[in-house]
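Report on the structure given below.
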Protein chains: 2
Amino acid sequence: MTIDRDGLRAPYQQLADILRERIASGDIPVGRRIPSHHELEAEFDISRNTIKKALDVLKGEGLLETAPGRGLFVKATPPAEG
Amino acid sequence: MTIDRDGLRAPYQQLADILRERIASGDIPVGRRIPSHHELEAEFDISRNTIKKALDVLKGEGLLETAPGRGLFVKATPPAEG
DNA sequence: CATCATTTGTCCGTATGTATC
DNA sequence: TGATACATACGGACAAATGAT
C-alpha cells in the first residue's frame, strides 16, 4: 500500500484507512504495537505530522491506545456496534 | 497563450477557455492535477481569485473535480458523450 | 542516579488549495 | 477583483515518558 498524493482522499485519511484495514484484518493484532511515527514515515514517505494526524483519527475511533514513551497499541476493546 | 485584459471576454472566461482546450487536447490528461493557483498566477499574471473563478467554470462543466485542501483534478467522466 | 536512544505530544512557521465576503 | 478565513501538508524544535546501559 502506498499513499496517493494526487488522489481525491487526503493522505492522512488514506493512511488511516490503511492502518484501520491492517487492524481489522488482524495484520496488526490486538495488543500489538503500531509501527512508530518514524517507521511509518519511512514506509509511506509522508511527514510525521500527517502520520500523527492519521493515528489521531484511529485513536478517536477507539482503535488505538497510547502508552507514554512506548508507543501506540491496538486496543483490545473493539468499537462494538449497537 | 495570454490573457487579454482589454478584450471583450472577461479574463476568467479567457483562462477557462485556455484550460478547457488543454484538457480537451489531452495536454492535461484525465486524473491529472490542474496547475496550482500560484502556477497559473505566474503564467497568466492574474489574481488567484480570477483563476479560481475560471476553475469554477470548468468544475461547473463537469471537467474538474475538487479535492478539499489538495487541488483540482481532471474528471474521468466526459460531459458531452454518454 | 545519570546518560543515551526511542517514541509520542505539542507548538511554530511555511506553503498550498478551497471557500467566503 | 481583492482580501480574508479555513483546511491540509511539510519541516523543525522542544518536552515528557520509557527502556537499556
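So you know, we letter chains A, B, ... as the sequences are listed, proteins then strands, and number each from 1. The basis for the numbers below is simple: all heavy atoms, side chains too, and nothing from hydrogens, waters or symmetry mates.
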Rounded off to whole Å, could you give me the CZ-to-C1' distance for the A/F44 and D/dC10 pair? 18 Å
Starting from the 5' end of DNA chain D, give me the residue, A/E41 or A/G69, whose nearest nucleotide shows up first. A/E41
For B/L55 and C/dG17, give me the distance from atom CG to atom C1', rounded to whole Å. 10 Å
Between C/dT8 (P) and A/L64 (CG): distance, integer Å: 11 Å
A/T66 has its side chain closest, among D/dG19, C/dG9, C/dT7, to C/dG9
Tell me whether A/Q14 contacts the main-chain N or O of A/R9 through its side chain, where contact means a donor paired with an acceptor under 3.5 Å. yes
What is the distance, rounded to the nearest whole Å, between atom CG of A/D56 and atom C1' of C/dT7? 15 Å
Following the transitive rule for hydrophobic clusters with a side-chain heavy-atom cut-off under 4.5 Å over Ile, Leu, Val, Met, Phe, Trp and Tyr, establish whether A/I34 and A/F73 coincide in one cluster. no
To the nearest 0.5 angstrom, please state how far the CD1 atom of A/I51 sits from the CG atom of A/L19. 9.0 Å
Taking CD1 from A/I34 and C1' from C/dT6, how many angstroms apart are they, rounded to a whole number? 17 Å
Would you say A/K59 places a side-chain N or O within less than 4.0 Å of OP1 or OP2 belonging to C/dG9? yes
Can a salt bridge be assigned to the pair B/D56 and B/K59 using a cut-off of 4.0 Å between side-chain N and carboxylate O? yes
What are the two closest heavy atoms between B/E41 and B/I46, and how far apart are they? CG-O, 3.2 Å
Within residues 28-39 of chain A or reaching into it, pairs that qualify as side-chain hydrogen bond (donor to acceptor under 3.5 Å, both in side chains) - sequence neighbours excluded: A/H37-A/R48
Check whether any side-chain N or O of A/E21 sits under 3.5 Å from a backbone N or O of A/I18 as a donor-acceptor pair, and report yes or no. no
Rounded to whole Å, CZ of A/F73 lies from C1' of C/dT7 at a distance of 10 Å
For nucleotides 1-5 of chain D, list the nitrogen or oxygen atoms of the protein found under 3.5 Å from its nitrogen or oxygen atoms, one pair per line.
from  : atom 1 : to    : atom 2 : distance (Å)
D/dT1 : OP2    : B/T50 : OG1    : 2.5
D/dT1 : O5'    : B/T50 : OG1    : 3.2
D/dG2 : OP2    : B/S47 : OG     : 2.8
D/dG2 : N7     : B/N49 : ND2    : 2.1
D/dG2 : O6     : B/N49 : ND2    : 3.4
D/dA3 : N7     : B/N49 : ND2    : 3.1
D/dA3 : N6     : B/N49 : OD1    : 2.8
D/dA3 : N6     : B/N49 : ND2    : 2.9

Atom pair distance, as rounded to whole Å: CD1 in B/I51 and C1' in C/dT16: 13 Å
Take the protein atom CG of A/L40 and the nucleotide atom P of D/dC10, then report the distance between them rounded to whole Å. 13 Å
Respond yes when some side-chain nitrogen or oxygen of B/K52 is under 4.0 Å from OP1 or OP2 of C/dT16, and no when none is. no
Is D/dA7 paired to anything, Watson-Crick or G-U wobble with both distances less than 3.5 Å, and if yes, which nucleotide? C/dT16
